[in-house]
There are 2 protein chains.
Amino acid sequence: MTRQPTIEDVARTAGVSKGLVSLALNGRPGVAQETRKRIDAAVAELGWRPSANARGLATKRAYSLGFIVRRDPITFQADPFFASFLAGVESVLAERDQVLVLSVVPDVEREFEAYRRLTSDRRVDGFLITDLLQDDPRVRLVADLGQRAVTLGRPDSESPFPAIVRDYDAGIDELLTHLAELGHRRVAHVAGDERMQHATTRLTRHLEVAARLGLQTIVEHTDFSPESGAAATHRLLDRSERPTAIVYANDPMAIAGIAVAHERGLTLPRDLSITGMDGSDTGRFVYPALTTLDNDPVGWGRAAATALLSYIENGDGDDVTLPAAALILRSSTAPPGSPG
Amino acid sequence: MTRQPTIEDVARTAGVSKGLVSLALNGRPGVAQETRKRIDAAVAELGWRPSANARGLATKRAYSLGFIVRRDPITFQADPFFASFLAGVESVLAERDQVLVLSVVPDVEREFEAYRRLTSDRRVDGFLITDLLQDDPRVRLVADLGQRAVTLGRPDSESPFPAIVRDYDAGIDELLTHLAELGHRRVAHVAGDERMQHATTRLTRHLEVAARLGLQTIVEHTDFSPESGAAATHRLLDRSERPTAIVYANDPMAIAGIAVAHERGLTLPRDLSITGMDGSDTGRFVYPALTTLDNDPVGWGRAAATALLSYIENGDGDDVTLPAAALILRSSTAPPGSPG
DNA sequence: TTGAAAGCGGTACCAC
DNA sequence: GTGGTACCGCTTTCAA
């Protein structure tokens, strides 16, 4: 393979200066129709694409978005959310000639290092922040670094960044109403990591709605991992007054919960109704298929990338609201004591 | 935040020319000890880090590795392998000031586009290629693009790239021997996507070993998705002569298989022994906990990144052999008909 | 051992 | 409208 063409080559074969090629490339006004055609032809002929490095050096941009995800090294679980989320992100980056720089780190220390390094090396123009914590330190850090970002969800503390939000409250409402209508009266909630914002939001909402519907609630706390979900399930089923339904704050825990129920010889959903949240396809392939709240991860990805780019390019910092999460009814919920 | 320091700033505060700073930074010889100290001090004082863009422009490097993963848009499953693999990759990239550019695409067309785009935009210095197909077209594509790469596994067709390999044969041997010793005689194999190389390798090996051990084998083909794994399980359990043990070519399918067995009212592992492969932690949290073949994804990541960087930097194209996969015994296997 | 200067491949400003 | 040119922040000759 021969050397890739440069803007100089294009200028020469189009018989213009490279300045003009640059203008044309970026769709700027001030280039004659006729000339633009010649340039376009030359670009096509040579198959020229601008060097991201050169462009970035001149414009002080990286044309890249950063995404840093921290995973517990032991439970290095691939959250089913991410693959789809990333596909959504990619779909918008591809058409804008930008890329995603991904960093998977095992602990907070490396996580902070990663934010610093990507910033000081001018690797990215902004960050996608997911899994918001209570009073999330990353928001401060990124702001202090002078970087841009968007958050998935609205931080509870002060944030200078646009937030992408989706209403989950209505979905939880639907979910509990569904359970109540089936005849459940004792509905447990297996909450996620208390330090995570959406864990708390979901729990709070559950408690509110349950109170309104006259449901008794038992709460167990976890770290969102399947392992902790399984443990919580055992604790719930060890009680003298067992819940007849368990609502898990995410699908992986619900799936682990199903396994525990089987292990203990329960027949589902007759002996126990189970629901997830943050709906993923995985839930379709377990038995019984998991009733859950949809979360459209691809939509999150598209929205987050779009918002971040527009924030970077236009300084447009408005929040973005996604359609509310919808209830997906499958077969893991039924009236208590009903035939499997 | 103020403007980030440049090499010029460092040169000025160290009282030398920027050329020297560059030499010092890159640990090149020909800089006086004394001078090097002054430069290091200035670097530390200013907190300077070189701009990846500027550096890359001068050296025609991207200091980035590309990783393109294609996921079926419907079963956008996050293979548990990836999170750990990426953590392994990151651990070596971080200490070398390089980054990972990730692209998740829904189909082959976008996949090829992604390879082309990352190349023509000079975004990456090489690619990590996973999930090798039979006669994988990506190897040709990447070679034609003049890019570097390493493959996870050795391609069946001609490849100019270093391969990272791990012996799986011995593990399959152990696995089947284990089953045979438990008393199983009819052992099914749920193979992965036939177009994928490791699916075929594993199946072939299973057939060889089974023949040697005098085991009867029934084979079902899938696409590696939990859904297809579930379907295969149904087909197997519908037979008049059921297998007493099923070996799945990956863990997600094995987990789906466990669900199917429960659904059909079987008691595991009494009525059916199940094993996975490509061992992941997920298997610990299902019931019964999954016996599987370990795969050390973090190790794959570290090895792949290290090999690719050395290939890029030194043209060192030797294959790398990882420790053989080991059998992880958990509780999803037992003598046929034994108490659960 | 060190400094000066010429790129790398773009962008952007300033004349004409 | 268009060409010329000075950067962007590094690396890499080439002299001194």
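Sequence lines set the chain letters: A, B, ... in the order given, protein chains first and strands last, and positions in each chain run from 1.
Residue A/Glu8 contributes atom CD, which lies 12 Å from atom P of D/dT5 at whole-angstrom precision. Between A/Arg61 atom CZ and D/dC7 atom P there is a gap of 23 Å when expressed in whole angstrom units. Atom CH2 in A/Trp48 sits about 15 Å away from atom C1' in C/dC8, given to the nearest Å. Distance B/Asn26 CG to D/dT13 P: 13 Å, rounded to the nearest Å. Between the CZ atom of A/Arg38 and the C1' atom of D/dT2 there is a distance of 11 Å, given to the nearest Å. What separates CD1 of A/Ile39 from P of D/dT2 is a distance of 8 Å, to the nearest Å. The distance between atom CG of B/Asp9 and atom P of D/dG9, rounded to the nearest whole Å, is 9 Å.
The B/Lys60 side chain lies nearest to C/dC8 when the options are D/dT12, C/dT2, C/dC8. Here the nucleotide nearest the side chain of B/Thr59, chosen from D/dC8, C/dG3, D/dT11, is D/dT11.
Among the atoms of the strands shown, only primed sugar atoms or phosphate atoms (P, OP1, OP2) are found under 4.0 Å from some heavy atom of A/Val16. Residue-level contact check: A/Asn53 touches neither bases nor backbone, having no heavy atom under 4.0 Å from any strand. Looking at heavy-atom distances under 4.0 Å, A/Ser51 makes contact with sugar-phosphate atoms alone, never a base. Within 4.0 Å (heavy atoms only), A/Arg49 reaches sugar-phosphate atoms of the nucleic acid but no base atom. Within the 4.0 angstrom heavy-atom criterion, only backbone atoms of the sugar-phosphate kind lie near A/Arg28; the bases stay farther away.
Salt-bridge annotation for B/Glu111 and B/Arg138: present, with a side-chain N of the basic residue lying under 4.0 Å from a carboxylate O of the acidic one. A salt bridge links B/Arg49 and B/Asp97; the closest N-O separation between the charged side-chain nitrogens and carboxylate oxygens is under 4.0 Å.
The minimum heavy-atom distance between B/Ile164 and B/Trp300, with the atom names listed, is O-CZ3, 3.2 Å.
For C/dG9, its base never sits under 3.5 Å from the side chain of A/Lys18 at any donor and acceptor pair.
Both tests do not hold together for B/Arg148 against B/Phe161: distance to the six-membered ring centre under 6.0 Å, angle to the ring axis within 45°.
With B/Glu45 contributing its side chain and B/Asp40 its backbone, the two residues share no donor-acceptor pair below 3.5 Å.
Between B/Leu57 and B/Gly15, the residue whose closest nucleotide on DNA chain C is further toward the 5' end is B/Gly15.
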